[in-house]
Every structure is written in structure tokens, then in C-alpha cells.
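Heads up, the thing below is written out as C-alpha cells.
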Number of protein chains: 2
Amino acid sequence: MNTQARGDGTVGKALEVLDCVAEFGRPVRFSELLELSPYPKATLYRFLQTLTSQKMLSYNDDGTYWLGARLMRLAHAAWKNASLAPIARTHVEALASRAGESVHLAQLDNGQVLFVDKLKATDRFETLAQVGQVAPAYCTGVGKAMLAFLAPKRLELALKQQSFFKYTEATHGSARSLLRDLDDVRKTGIAFDRQEHEHGIISIAAPILNDNGRVTGAISVATSTTRYQLEELEAFRADLLETAEKIGKDATHWQFPA
Amino acid sequence: MNTQARGDGTVGKALEVLDCVAEFGRPVRFSELLELSPYPKATLYRFLQTLTSQKMLSYNDDGTYWLGARLMRLAHAAWKNASLAPIARTHVEALASRAGESVHLAQLDNGQVLFVDKLKATDRFETLAQVGQVAPAYCTGVGKAMLAFLAPKRLELALKQQSFFKYTEATHGSARSLLRDLDDVRKTGIAFDRQEHEHGIISIAAPILNDNGRVTGAISVATSTTRYQLEELEAFRADLLETAEKIGKDATHWQFPA
DNA sequence: GAACAGGTTCCACATAATGAAACCTTTCGT
DNA sequence: ACGAAAGGTTTCATTATGTGGAACCTGTTC
């Protein structure tokens, strides 16, 4: 896995088209896609044909394309077997409704944070909206919670994968600065995001450890500085830790591969 | 969309590999895949590399592959925008717990039934297990419920897409036989699966209609002949119809493209 | 009834995929 | 410690695949 990323190739292009369709967020016509994608008519047409015959897209008789059944199946294989989400769902829900704020559930995926569940207590329909999103580990609450409890070797590897781009003034700009923060996290069992990834967004996060003490994920309560001060997040600490522990227990039989 | 299906092409092959990974239901090693897939070592290797760099697979440092972040993202775009599931979730849950039996939520996808939610009242972990599965429309409760309320033109088209393969003695073997059944469904607003798809499995289904009277999906209570007789399914009728109506109302703003 | 927009098909050509074989690297048996 | 085997990665000449400009449908508009 050390050759440089290959963005090209037929498969890559086809997937780009899939992304385009997904981006629309609704069934979409050929001509609409044509504008958004960089491919000439004939090429795009062939891609759509291929993807349709592969059931990655479905072609409706009103002439629109939308993500197809195969994608659904693959997706749920992923969801069911490689993510904490189904195991943690009830706990996450409970926490969200008690906290009245967004709850995020995340796992580590090649040095990045992968959100596997996001829940807004207030809005049922927003559920799952941004599941699958990724974010850097070094500047998010969940990310730091996980990094702090990684085995030394793994941490070393993960650190190499961080860019240390400064999103805000509060973002850690180097491994050294991050490591100091992680020491605190390790002591308290709690990680804070102090507007490190996005202005105005703060969070309090706890790692999810299985019975062997291995990190399998992290969970956080996130809110905005307009509603809470950083210090006030302490109010969620006990509930968060308790929830994380419960999830850890439920997830023990199951090993996340990272 | 009239050229014959092209199962070949690079994209098709790559997706086959994805399916292989999904089939394992867990992170999988190179060598395991090698046995299951028809490709030589070098070819499979390249596919895995491509899919990994495209984030369709993730490569973990214990040397295993698993479905990746991009798939997750695509999946949830599909789930959120093209399926009744998130809209219907609460109603489905409520029905499942009242009925104490499996509840299936389905939509029509190119003449086939696509399950977008399945819920067992008894087992939280089985939730979502077979979402994305497809089944024939002509021999399932949900399928017949949807067919019966399709506009004549659409029904005609859908009938052409049915194979009328006889899964059991009870399966409809021809369009004629099916159409007679659909007349009944139209009259009563309820469809039964009388062990037509699988021995021992029966169900009672109702279509979900939006305010324009257009079919957007169907919902069913399914059980086995060891627990219920066909006639006893009547007990679920009222609750089923009521639930279907509620979902229809919630889904009215939203049009399923089929 | 001519011009147009949205799709679909053709085909000479360029590119990307193929897979046998050689090559690493780690693990295992003695 | 040594040889062999399993598991994984790279090379490269060959060939199958994908490419896209242009022509072509078909239904709609002015």
C-alpha cells in the first residue's frame, strides 16, 4: 500500500460520477449531471449505463438516475459489520435526548476520524445525515480521545498521518503540541475540542474501550459557543463517560480493525 | 437503456470484488479474497489497491480490507434521500413492537421489491440486517400491494419485468393469475403472501400511498406458519392499514422516483 | 416545418487493464 | 541457523477496454 494514490483509472472515474449523483441529493437527469461532471456526453452516458447495469444506480422511467439497490446492500454490510453504530445506537439516542445536544459517534480509519453516527436530539430527520464523513483526528474531540488511548506503536503511525494544518488559532500545529494535550486526555479520560477544527464549535469526548482496553471508537457531545461555554461542557462529563463504558461493554466481543 | 446488460468492463469487475468483501461480513485478508474471486493474484491485488485509494475499501494495518468511508457516505446519501426508511422509522418501530413480529418496509425498484427497512421486534441487533435486499414483486406481500395500486401503464411495464418463476406451488405462474389476485388486493387494500416466495413464510401487506394516491412503498407484517395461520393475520389488518396511512401522510412531500 | 434540446449510437484511436513470472519478506519446521 | 513455503508486491510486453467527436434520432418549440 505504498504506491502513490492513483486517482485515475476507469473505476475512479465511475465513482466520481456516483459522487456527483449523490451530491444532488435527489434523482437527477442526464443533462444535470453533464454540467457537473467533467466528461463529454458520450463518456458520461456510457458510465451511467455501466453503473445502472451494475445496480449502483437505478434508472427510473421518468428518465432520472438515483443511487441503486446494490449500493444499499453494500452500505448496510458496512454499517452492520464494521461500525459501532448499530451496537451503540440505543445508548447514543439516550445520551442525545438527555443532553439535548448533538452526539457524535466515531471510529478511527487510517488516521482519520470516521463518523459512524450523528444524532441531533431535536431533529429526527437529520439523523444519519453526515454519517460517513471524515475529519482529521488531531483537531477533533473524538479524534484526540482515540489517539490518547492508542498503543504507542499505533499512535506513532497515526501521528505520521496527521497534516497539522491550522484550521483555527487553537488548532495544534505540531505533534509536540498535540502530545502534551493527549497527556491530559489520558489522565482525565476526557478530550475537549476547543474550537480547534471549526470556529464556534466545541465538544467534549470520551474514548470507547473494550474489555481488553483497546480503543474501538469515541463518542462526543458537540455544541456551539453561542449556547455553551467550554467550562460548562463539564456538565456532560459523567453521563458521557458512563455511556462510553456501556457501549464498550456491548462492543467487547467485536474488534474494530484499526 | 436498451442495450443488453454489460456484466463485463473494469467497473463491473471491481464491484464484484467489493461484493466479495461484503460477503465475508468482516475484515478480510488478501489471501481469503484470492480464493473467492476468479482473478489471478496480480489482478486482484491491483483492484484492491484501486478500491482502497478510492476509499471504497479501507486497508487496516493488520493487513485486512474492509468496506470504506466513501461507501458509507454514498450509502447514507441513498438512505436519506431515496428511501422511505428514515421517514417511516418511528411508525415501523411502533408497529413491530405492537405486533411482536417482523415488519418489512419496501419500495419498488425496476419491477423488483427493494427492502429499505426490516425490523424484528424481538432482536435489536438484527435491525437493518437485510436492508438493500431485493425480491421479486409478483410473489411477495409488499410487492403485490404495490403492483395493485400502480397506474395501468406502470403496471404493464412492471409485469414485463416479472419472471413468474414458481418458487413454491402457491407462486403465481403467469400474469393472468397474478392480475386476478391484484383485483382482490385493490378491493380490500390488503395483500397476502400465502407462502408464495418461501415455504412457511406468510405475510400481510398494505401499500403506502401519498396524498396524490401514488404508491410510494409498502409495509408488511411477516411471520411463519409455525406461529400463525394465514387467517390469523387478519388481526394485524387494522394496525397495518393505519400505520401505512400515517407513513403516507409523512411522505407526501416526497416523491419516490419509480 | 425549421431549429432546438435532450438523449443515444458509431467507430477509429489511445489508454488502461491484464496476468505470468520474478521478486521480496515474514513465518515456520527441523 | 537454514531452507522452504506462504503471503504479498512489482514488472512489463500484450491485448482488451475505454474514449469522445461527430452523426443521428425523437419529441418539442416557435
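Keep in mind it's a predicted model, so treat the numbers as computed, not measured. In what follows, every chain begins at residue 1, and chains take the letters A, B, ... in the order their sequences are listed.
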Mind calculating the distance between CD (A/Glu35) and C1' (C/dA5) to the nearest angstrom?
-> 12 Å
What is the ring orientation for A/His197 with A/Tyr167, classed by angle as parallel under 30°, tilted 30 to 60°, or perpendicular over 60°?
-> perpendicular
What is the distance, rounded to the nearest whole Å, between atom CD of A/Glu32 and atom C1' of C/dA5?
-> 14 Å
Would you tell me if any nitrogen or oxygen in the side chain of A/Ser31 comes within less than 4.0 Å of OP1 or OP2 on C/dG7?
-> yes
B/Glu16 has an atom CD; how far is it from atom C1' of C/dA17, in whole Å?
-> 15 Å
Is it true that B/Arg186 and B/Asp183 have a side-chain N and a carboxylate O under 4.0 angstrom from each other?
-> yes
Is the count of non-hydrogen atoms from other residues, nucleotides or ligands lying under 6.0 Å from A/Glu32 atom CD greater than 12?
-> yes
Side-chain heavy atoms of A/Leu155 within contact of A/Leu182, under 4.5 Å | yes
Determine whether the aromatic ring centres of A/Phe115 and A/His104 lie less than 6.0 Å apart.
-> yes
As a check of understanding: the bend across the helix from C/dG1-D/dC30 to C/dT30-D/dA1, end axes from five pairs, rounded to 10 degrees, works out to 30°
Not counting sequence neighbours, list each pair that qualifies as a salt bridge (Lys or Arg N to Asp or Glu O under 4.0 Å) and has a residue in residues 132-149 of chain A.
-> A/Lys144-A/Asp181, A/Lys144-A/Glu196
Is there side-chain contact between A/Leu57 and A/Leu67, with at least one heavy-atom pair below 4.5 Å?
-> yes
To the nearest angstrom, how far is B/Phe30 atom CZ from D/dT9 atom C1'?
-> 9 Å
Think B/Tyr45 has a side-chain N or O under 4.0 angstrom from the OP1 or OP2 of D/dG8?
-> no
I'd like a list of close polar pairs between nucleotides 19-26 of chain D and the protein, N/O only, cut-off under 3.5 Å.
residue : atom : partner : partner atom : Å
D/dT19  : OP1  : A/Lys13 : NZ           : 3.3
D/dT19  : OP2  : A/Arg46 : NH1          : 3.2
D/dG20  : OP2  : A/Thr43 : OG1          : 2.9
D/dG20  : N7   : A/Arg46 : NH2          : 3.0

For B/Gln49 and D/dG8, is the shortest distance between a side-chain N/O and OP1 or OP2 below 4.0 Å?
-> no
Assess whether atom CD of A/Gln161 is packed by more than 12 heavy atoms of other residues, nucleotides or ligands within 6.0 Å.
-> yes
Within this structure, what is the CG-to-P distance between A/Leu44 and C/dT8, rounded to whole angstrom?
-> 11 Å
Report yes if the side chains of A/Leu209 and A/Val215 come closer than 4.5 Å at any heavy-atom pair, otherwise no.
-> yes
